[in-house]
Amino acid sequence: MPAITTVVIGAGHAGLAMSKCLTDRSIDHVLIERGEVANSWRTERWDSLRLLTPNWQSRLPGYGYEGDDPDGYRTMPETIAFIDRYAKVIAAPVHSQTLVTSVAKTDSGYLVSTDQGDWQCRTVVMASGACNIPRVPAIVEALPSSIATMTPMEYRNPDQLAQGGVLMVGASATGTQLAKDIHISGRPVTLAVGEHIRAPRTYRGRDLEWWMDAAGVQDERYDEIDDIVRARKVPSLQLTGSPERETLDINALTSMGVKLIGRFSGIQDGKGQFSGALLNQCAMSDLKMNRLLGTIDEWATANGLDGEVEAPYQLPPTEVEDSPPLGMDFSKGEIGTIIWATGYRPDYSWLDVPVFDRKGQVRHDGGIVDSPGLYLMGLQFLRRRKSTLLDGAGDDARDLSDHLVSYLAG
Amino acid sequence: MADTVDNGVNVEALLGAREALTEAPEGAKFTWRASCKWENGTYSHSTVEGFFGLGEEQERTTVFNFDADHPLCFASEDRGATPVEYVLVGLASCLTAGIAAVAQHREIQLNSVTATLEGGMDIQGILGIDSDVRNGFDGIKVSYKIDADASEDDIKALVAQSQKRSAVYDIVTNPTNVTVEVN
């Protein structure tokens with residue numbers, strides 16, 4: 001059985017950033033990848049998706065954007081090519097088409113079993129992604145069989161869908177983007193809106209991501225924030241990357257003709273039931289956005305940018321009709337497909353180490369798992385607000401590889 | 001100014017309970033109860049006493065009494081609030097308690113909080129005149145007047161957060177399975 005110091009599971013941007021840091025620290029390691037480099041980007045994304053962060057904001061250790069469109073947003077082929085080239089530039093020791101079947105504790109470290117043989121190692125870095133399994137609410141069981149359902153992981157483009165209406169459940173980045181994609185295909189979309197975070201693409205003439213980066217919002221640390229448990233569950237910002245740098249908030253969608261309804265909360269007698277809390281969900285989202293923009297304004301003033309960028313302004317409140325519908329009769333044939341843009345969770349079904357809390361999540365302190373020598377990468381707010389971004393992998397990888405080195409040194 | 005804000009809410013106790021119940025989630029399972037006795041006509045008398053929570057039966061020092069009836073124009077004798085008004089009372093008191101708790105947690109001093117509630121209803125529903133009209137409210141409007149040492153947006157955020165965490169708001173805005181049996 002081959003032995004090695006570190007096995008990194010997953011060769012996406014997080015695993016590769018870790019690989020570069022391990023190489024820099026002379027730690028021998030391999031990356032085990034179930035498919036090819038950037039596998040999720042290759043196989044689990046829809047056609048029209050572009051990265052939510054601008055090109056310049058993908059600073060990986062020893063690598064970054066060198067093109068002539070720093071403010072643009074990568075298409076999926078461009079994203080895959082970018083990550084693929086990183087793997088080559090850093091000469092990452094990737095074992096592709098290799099599926100991890102289990103990780104177990106041994107006396108000297110861990111045994112990583114794969115469908116291509118086993119590895120004995122002292123440390124393991126799990127960089128297998130935060131979005132492996134779509135979260136689908138249990139009410140799916142009660143749906144009439146006449147309704148087709150789909151997750152964003154299966155969705156590629158509107159041609160996959162039957163003609164007729166689509167109920168998009170969830171109004172975060174995925175739900176809003178798919179709502180637009182499908183609505184312009186001529187299928188009327190109703191968007192079920194629960195908790196979400198409104199975000200303008202640009203503010204005062206700059207990309208929102210630029211502001212959040214410059215003002216230090218993306219660098220906020222997990223051990224300095226008020227309620228980290230909550231911060232790790234906050235939905236994704238309602239952002240989209242497009243050549244037009246458009247803002248795709250609820251107002252933008254309703255002006256295209258997308259209909260709104262409250263959170264999908266139940267099914268009774270073939271009828272969908274939807275929460276009456278839509279107005280508050282939108283009011284809360286507006287308040288949160290205004291708080292973020294207020295933080296940005298304060299930072300701009302404190303840093304002498306007020307003369308340099310556009311003056312502050314208020315965005316109009318989210319408009320919702322006074323009495324949004326509370327029900328939907330699925331027997332009437334108006335809805336042909338329901339898409340569950342209700343989030344994802346990571347898959348640790350192969351992890352045979354007792355590190356799970358009662359909700360099935362891995363117990364960790366900023367990526368340092370509650371089992372010596374075991375590390376996590378790429379999860380929401382793992383160590384910083386930016387932890388899931390391409391731009392966030394570098395700092396986390398530097399911190400965690402430093403920890404790993406000192407752990408090995410005993 | 002943590003030490004000067006006092007809305008009469010023991011936030012430390014609430015946060016302590018949250019922490020304790022995160023570790024021992026079984027204790028978080030509560031059962032609330034009410035009993036109702038028909039008196040005459042539309043008049044009934046309800047009482048609220050014990051409940052189950054924190055892993056055991058909980059007793060109160062007082063029995064709370066509630067008379068419910070319908071007003072004179074329903075050919076009743078108006079011996080108590082109507083049941084639908086109790087729903088408004090439940091919603092108002094739940095949201096208001098939440099505002100106090102959230103304000104304390106956010107270190108906002110409340111000076112006064114008042115709410116008025118209106119529930120619109122087309123009684124063609126309950127009278128069976130038009131089956132397209134629902135029995136319940138066609139909407140509820142809650143209006144708060146709040147005087148607090150905070151900005152307008154911070155006050156709005158208090159009220160929004162209170163809705164997010166309110167049990168009665170959830171009960172009213174989302175469906176709940178109701179099982180009624182006869183023994």
Side-chain angles (χ1 to χ4, degrees), chain A residues 137-139 142 192-196 198 226-230 233-234 261-269 271-295 297 314 317-318 320-329 357-359 361 363, chain B residues 11 15 18-19 21-28 87 91 94-95 98-99 102 105-107 118-122 132-144 150-179:
Chain A
I139 49 174
V193 180
E195 190 174 343
H196 63 278
R198 185 182 176 194
D226 242 6
D227 186 347
I228 184 61
V229 176
R230 172 161 169 69
K233 288 191 289 200
V234 167
I261 198 163
R263 183 172 175 273
F264 194 1
S265 50
I267 295 171
Q268 190 128 39
D269 305 327
K271 294 193 174 81
Q273 300 170 313
F274 296 83
S275 169
L278 175 60
L279 286 154
N280 189 49
Q281 296 286 13
C282 292
M284 283 195 99
S285 185
D286 284 356
L287 285 162
K288 280 181 192 147
M289 175 187 71
N290 289 336
R291 265 206 300 275
L292 174 62
L293 300 184
T295 303
D297 289 339
Q314 282 271 316
T318 301
V320 184
E321 60 180 306
D322 285 340
S323 301
L326 299 165
M328 190 180 273
D329 189 345
D357 67 15
R358 66 184 181 91
K359 301 285 279 182
Q361 292 175 333
R363 289 190 308 268
Chain B
V11 168
L15 293 178
R18 184 178 144 170
E19 202 170 309
L21 293 175
T22 304
E23 298 302 313
E26 275 308 301
V87 173
L91 179 60
C94 194
L95 290 175
I99 287 168
V102 177
H105 185 45
R106 294 186 181 176
E107 296 175 9
E118 287 181 0
M121 185 186 286
D122 182 343
D132 291 335
V133 176
R134 72 180 283 185
N135 298 341
F137 292 131
D138 50 41
I140 298 175
K141 191 168 171 10
V142 185
S143 305
Y144 268 103
S151 71
E152 193 187 328
D153 268 5
D154 284 347
I155 291 172
K156 282 184 179 163
L158 282 184
V159 178
Q161 182 66 17
S162 170
Q163 290 169 74
K164 186 178 167 184
R165 287 276 163 258
S166 163
V168 179
Y169 181 87
D170 174 65
I171 290 165
V172 172
T173 55
N174 290 304
T176 306
N177 284 315
V178 180
T179 313

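A, B, ... follow the sequence lines: proteins, then strands. Residue 1 opens every chain.
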(message) A quick test of your reading: do over 12 heavy atoms of other residues, nucleotides or ligands sit less than 6.0 Å from CD of E321(A)?
(response) yes

(request) Mind checking the CZ-CG spacing from R291(A) to D154(B)? Nearest 0.5 Å is all I need. (result) 7.5 Å

(request) Tell me, for Q281(A) versus chain B, whether the close heavy atoms (under 4.5 Å) come from the side chain, the backbone, both or neither. (result) neither

(message) Are N177(B) and Q268(A) packed together at the side-chain level, in the sense that at least one heavy-atom pair is separated by less than 4.5 angstrom?
(response) yes

(message) Quick check for you: to the nearest 0.5 Å, what is the distance between Q273(A) atom CD and T176(B) atom OG1?
(response) 9.0 Å

(request) Tabulate, in ascending numerical order, the residues of residues 164-173 of chain B having at least one heavy atom closer than 4.5 Å to a heavy atom of chain A, or enter 'none'. (result) K164(B), Y169(B), T173(B)

(message) For A277(A), which atoms come within 4.5 Å of any heavy atom of chain B: side chain, backbone, both, or neither?
(response) both

(request) First locate atom CG of N174(B), then atom CZ of R263(A), and finally report the distance between them rounded to the nearest 0.5 Å. (result) 6.5 Å

(message) Looking at D322(A), I'd like to know if its CG atom is crowded, meaning that more than 12 non-hydrogen atoms belonging to other residues, nucleotides or ligands lie closer than 6.0 Å.
(response) no

(request) Write down the atom of D153(B), the atom of L287(A), and the distance for their closest heavy-atom approach. (result) O-CD2, 3.7 Å

(message) Report which part of L326(A) has an atom under 4.5 Å of a heavy atom belonging to chain B: side chain, backbone, both, or neither.
(response) side chain

